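Residue numbers begin at 1 in each chain, while the letters A, B, ... track the order of the sequences. Computed from a predicted structure; not experimentally measured.
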Amino acid sequence: MKNSSIARIFQDMADLLELKGENIFKIRAYRRAAQVIEHLPQEMEVMREQGEDFQRIPGIGEAIAKKATELITTGKLEAYETLKAEFPDGILELMEIPGIGPKTAYRLATELMITSVEKLEQAITEGKVAELFRMGDRTAQNLLRQIQSMRRKDQRVPIGEVLPVVEDILEMLRRHPKVKNMTSAGSLRRFRETVGDIDIMGTADDPESVINAFVTFPQVKEVIAKGPTKASVILLPGFQADLRMVEHDSFGSLLQYFTGSKQHNIILRTKAQKKGLKLSDYGITDTTTEVLEKFSTEEGFYHRLGLQYIPPEIREDQGEIELAEAHAIPDIINPEDVMSDLHVHSNWSDGADSIEDMALWAKNLGYRYIAITDHSRGRGIARGLTEERLMRQIQEIHRLNQNLKGIRILSGIEVDIRADGSLDMPDRILAGLDIVIAAVHSSFNQSQEKMTRRIISAIENPHVDVIGHPTCRLIGEREPTEVDMETIFNAAVNHRKALEINAMPDRLDLKDIHVYRARELGAMFAIGTDAHNRGQLTLMRFGVGIARRGWCEKKHVLNCMSFEEIMTFTRR
DNA sequence: GCCGTTTTCGGCCCGACTGTTTTCAGTCG
C-alpha cells in the first residue's frame, strides 16, 4: 500500500475518532501521522523491506507504526474497519463539506438520516436542516453554497494554472498608489504542485480602497464577501482568492502565519512555548511580561525566535526548524543560478520553433547554453528524428554554434526507452551527442518490476546522461507509472546519471518528495522545461520551485554548471 | 496517540469568525 493511501486511512480515522468524541490529542496524533506519512520522501513499503523502524519517524509511535505495518502487509486495518462500522455510511463524505465538522455531520446522519451530499442538498431544499436545534436558515443556505462551490472547484488546482493568474492580479494590486506590500501566501507561496484557495496579503495606507479596487478587477467573476480589510472572490477560471489587508507593522508575522505550512507553524509554536514565548498571527508575546512584539518582516520574526530565515518552499516540517536553530539551512537553488535549459524541442520534431529561435530566446533569458533534445522516431511520437535526420541536425547545430554569439547549443536527444528497455537509437549515434535524455513514452501500464527494470536498462547505457520525466505522470490526467523509485535513485547515483525535474507544470516530474529523497541518496538533477515553443522556455521557474522544495543546492543541479563543466559531466 | 536537557507521566498551538442564542458551540485556518 502506498503512502498516500495509508495517510488517507489515518486521516479518516482521525475524523471518525473526532465523531466519537475521543481525546482531541489522540485525534491530533492521527492527523499529524497522516500528514507526516503523506510527505515522507520514501514509500513505507520500501522502508519496511529495508528493515527501517517506523517509530524513528517523528509523529509515529508504537501504535501507529504497528497499524501502518498491518496496512502494508495485509492491505487492511482491523481498527479502521471496526471504527467505520460504528457510524452511518457517508458521514465522512459530509465532513468534506466546509462548514460541516464532526458534530454537525453526526447530527445530520443520525437525526435526519442523511448519508450523502445529494441527500443533504435535498434536505436543505426541503427546509429540514434549518429546523435542527442551533441551526438556522442562514447556516443551511451557506452549506448549500459550499456544496455548489465544492462541485465547481472539484479539487485543488495545478500551480501552473494558478500562478499566472495570481501574478497578473498581484501586479495590478501593486500598481495601486496606496499599496506598500503585496504578495501571495499559503501553499502557492510554498510552491506546492497544486493549490487550494489562494491567499493574497498586503499592506496599504488606505486598505479599503485597495479592497474596493480588487473586487472590480476583470478577473473577478463573483464577490463572495467584502469588508474593510478582507475580500473573498471567485476568479474567472473558477478558483477562490482571498485578499487580506493588514497593518504595516505586523505584516511579517501575518505573512509567516498565512504562508504555513500548518505543521511548520505548530512546531514553531511548540518550540517557542518552551522559551516562554507565545506565537500568534499578530506577533510574539513574552508570557512573563505579556508584551506583544510585532514584526514587519518575516526575517525579523524568525530572528526573534533565534532562527535563521527559512525559505517558504521548505516550510514543511522536514527538519528545517532544527536546521534553522543551528543556522544551517542549506543555500537552496535560486532562479538566477540557472544557466541553461536542458530539455528543449525544436521544429525538427514536434516543436513549433527553429533551433536558432529557441537559442536566441534562451540567450534573452540570460542562459549560457541550451540542449536541443528532439524526440527519436519511437512509436507514437510525432516527427521523431531518424538517424539520418539526427546527423543533419547535429551539423545544423554545429553551424549555428559557429555563428551565434553569447549562447552555446548542446546537440542532444530525448531518446525513447522502448517497452523492453532498449533505446530507440543505436549506441554509435548516441555516442556522438553532447547530451542524451532517455525517457518512457509508451506502455505506461507495465508492472512495477518491468517498468523499474526498463528504466534501469536505460540508466546502465553508458551514453545516457539524464532520465527524463521518470514517472510519466500528467497531473490530473495520467497517474504516475508503477516504478520502484528507491531502486531507480540508487541506480542513478551508482552510474552517476542525472534525474530530470521536468518543469512543464502539468508534469513536475520528479515531484518534490522524490527530489528530496533522491538528493539524500546523492543524486544529481537536470531541470528541463520540455519546451515545445519559445514561450515555454519561461516555465523553468516551475522546475526551480520543485528543486527548492526538494532542498536542492546549486551543486545538485546540472543546469547550474558552466558549459565546460557540463561537457565534462556528459563526456565521462 | 506521541513525546521527553520538564523521560515512563502529564502535558500537548492559537485565535477569530459565524450563527445562534443571551453565553457559546462548532468550525476553520
| said: Say we look at B:dC3 and B:dT8: how far apart would their C1' atoms be, to the nearest angstrom? | reply: 10 Å
| Can you tell me how far C1' in B:dT23 sits from the matching atom in B:dT18, rounded to whole Å? | 15 Å
| task | Using a 4.0 Å heavy-atom cut-off across all strands, classify A:Ile267 as base, sugar-phosphate, or nothing. | result | nothing
| message | Taking B:dC14 as the reference, what is the distance to B:dC9 when you measure between their C1' atoms (whole Å, please)? | response | 25 Å
| request: Decide yes or no for A:Asp337 and A:Glu553: does some side-chain heavy atom of the first lie under 4.5 Å from some side-chain heavy atom of the second? | output: no
| query | If you measure from the C1' atom in B:dC17 to the same atom in B:dT7, how many Å do you get, rounded? | reply | 40 Å
| Where the side chain of A:Ile64 is concerned, which of B:dG1, B:dT6, B:dG19 is the nearest nucleotide? | B:dG1
| Any donor-acceptor pair under 3.5 Å from A:Arg549 side chain to A:Arg190 backbone | yes
| request: Side chain of A:Phe25 only, please: which of B:dA16, B:dG19, B:dC13 is the nearest? | output: B:dC13
| task | Just call it for A:Ile60: base, sugar-phosphate, or nothing, with non-hydrogen atoms closer than 4.0 Å on any strand. | result | sugar-phosphate
| request: Would you tell me if any nitrogen or oxygen in the side chain of A:Asn142 comes within less than 4.0 Å of OP1 or OP2 on B:dG19? | output: yes
| request: Ignoring backbone atoms, test whether A:Gln273 places a side-chain nitrogen or oxygen under 4.0 Å from the OP1 or OP2 oxygen of B:dC14. | output: yes
| task | For A:Asp242, answer base if it contacts any base atom (sugar-phosphate contacts may also be present), sugar-phosphate if it contacts only those atoms, and nothing otherwise; contact means non-hydrogen atoms under 4.0 Å. | result | nothing
| Out of B:dT20, B:dG15, B:dG1, which has the shortest distance to the side chain of A:Thr139? | B:dT20
| said: If we ignore hydrogens and angles and just use 3.5 Å, is the side chain of A:Lys275 paired with the main-chain N or O of A:Leu305 as donor and acceptor? | reply: yes
| When the P atoms of B:dG1 and B:dT6 are considered, how many whole Å apart are they? | 27 Å
| query | Would you say a side-chain N or O of A:Lys271 is under 4.0 Å from OP1 or OP2 of B:dC13? | reply | no
| field | Who pairs with B:dC28 - Watson-Crick or G-U, where each distance is under 3.5 Å | value | B:dG15
| task | For B:dA25 versus B:dT20, give the span between their C1' atoms, rounded off to a whole number of Å. | result | 9 Å
| said: Return whichever of A:Arg32 or A:Phe133 has its heavy-atom-nearest nucleotide of DNA chain B closer to the 5' end. | reply: A:Arg32
| task | For A:Lys230, answer base if it contacts any base atom (sugar-phosphate contacts may also be present), sugar-phosphate if it contacts only those atoms, and nothing otherwise; contact means non-hydrogen atoms under 4.0 Å. | result | nothing
Under-3.5 Å N/O pairs linking protein and nucleotides 27-29 of chain B:
{"unit_1": "B:dT27", "atom_1": "OP1", "unit_2": "A:Gly101", "atom_2": "N", "d": "2.6"}
{"unit_1": "B:dT27", "atom_1": "OP1", "unit_2": "A:Gly101", "atom_2": "O", "d": "3.2"}
{"unit_1": "B:dT27", "atom_1": "OP1", "unit_2": "A:Thr104", "atom_2": "N", "d": "3.0"}
{"unit_1": "B:dT27", "atom_1": "OP1", "unit_2": "A:Thr104", "atom_2": "OG1", "d": "2.4"}
{"unit_1": "B:dT27", "atom_1": "OP2", "unit_2": "A:Lys103", "atom_2": "N", "d": "3.3"}
{"unit_1": "B:dT27", "atom_1": "O5'", "unit_2": "A:Gly101", "atom_2": "N", "d": "3.3"}
{"unit_1": "B:dT27", "atom_1": "O3'", "unit_2": "A:Gly99", "atom_2": "N", "d": "3.4"}
{"unit_1": "B:dC28", "atom_1": "OP1", "unit_2": "A:Gly99", "atom_2": "N", "d": "2.5"}
{"unit_1": "B:dG29", "atom_1": "N2", "unit_2": "A:Tyr257", "atom_2": "OH", "d": "2.5"}
{"unit_1": "B:dG29", "atom_1": "N3", "unit_2": "A:Tyr257", "atom_2": "OH", "d": "3.1"}

| message | Is it the case that atom CZ in A:Arg138 sees more than 12 heavy atoms from other parts of the structure closer than 6.0 Å? | response | no
| query | Distance between the P atoms of B:dG15 and B:dG10, in whole angstroms? | reply | 26 Å
| query | Between B:dC2 and B:dC13, how far is it from one C1' atom to the other, in whole Å? | reply | 15 Å
| said: Let's see if you can work this out: which of B:dC13, B:dC24, B:dG1 has an atom nearest to the side-chain heavy atoms of A:Arg134? | reply: B:dC24
| query | Using the ring of each side chain (for Trp, its six-membered ring), is A:Tyr516 parallel, tilted or perpendicular to A:Trp551, with breaks at 30° and 60°? | reply | perpendicular
| request: Tell me which nucleotide among B:dC13, B:dC2, B:dG19 gets nearest to the side chain of A:Arg28. | output: B:dC13
| message | Counting only side-chain heavy atoms from C-beta out, which of B:dA16, B:dG19, B:dC12 sits nearest to A:Asn23? | response | B:dC12
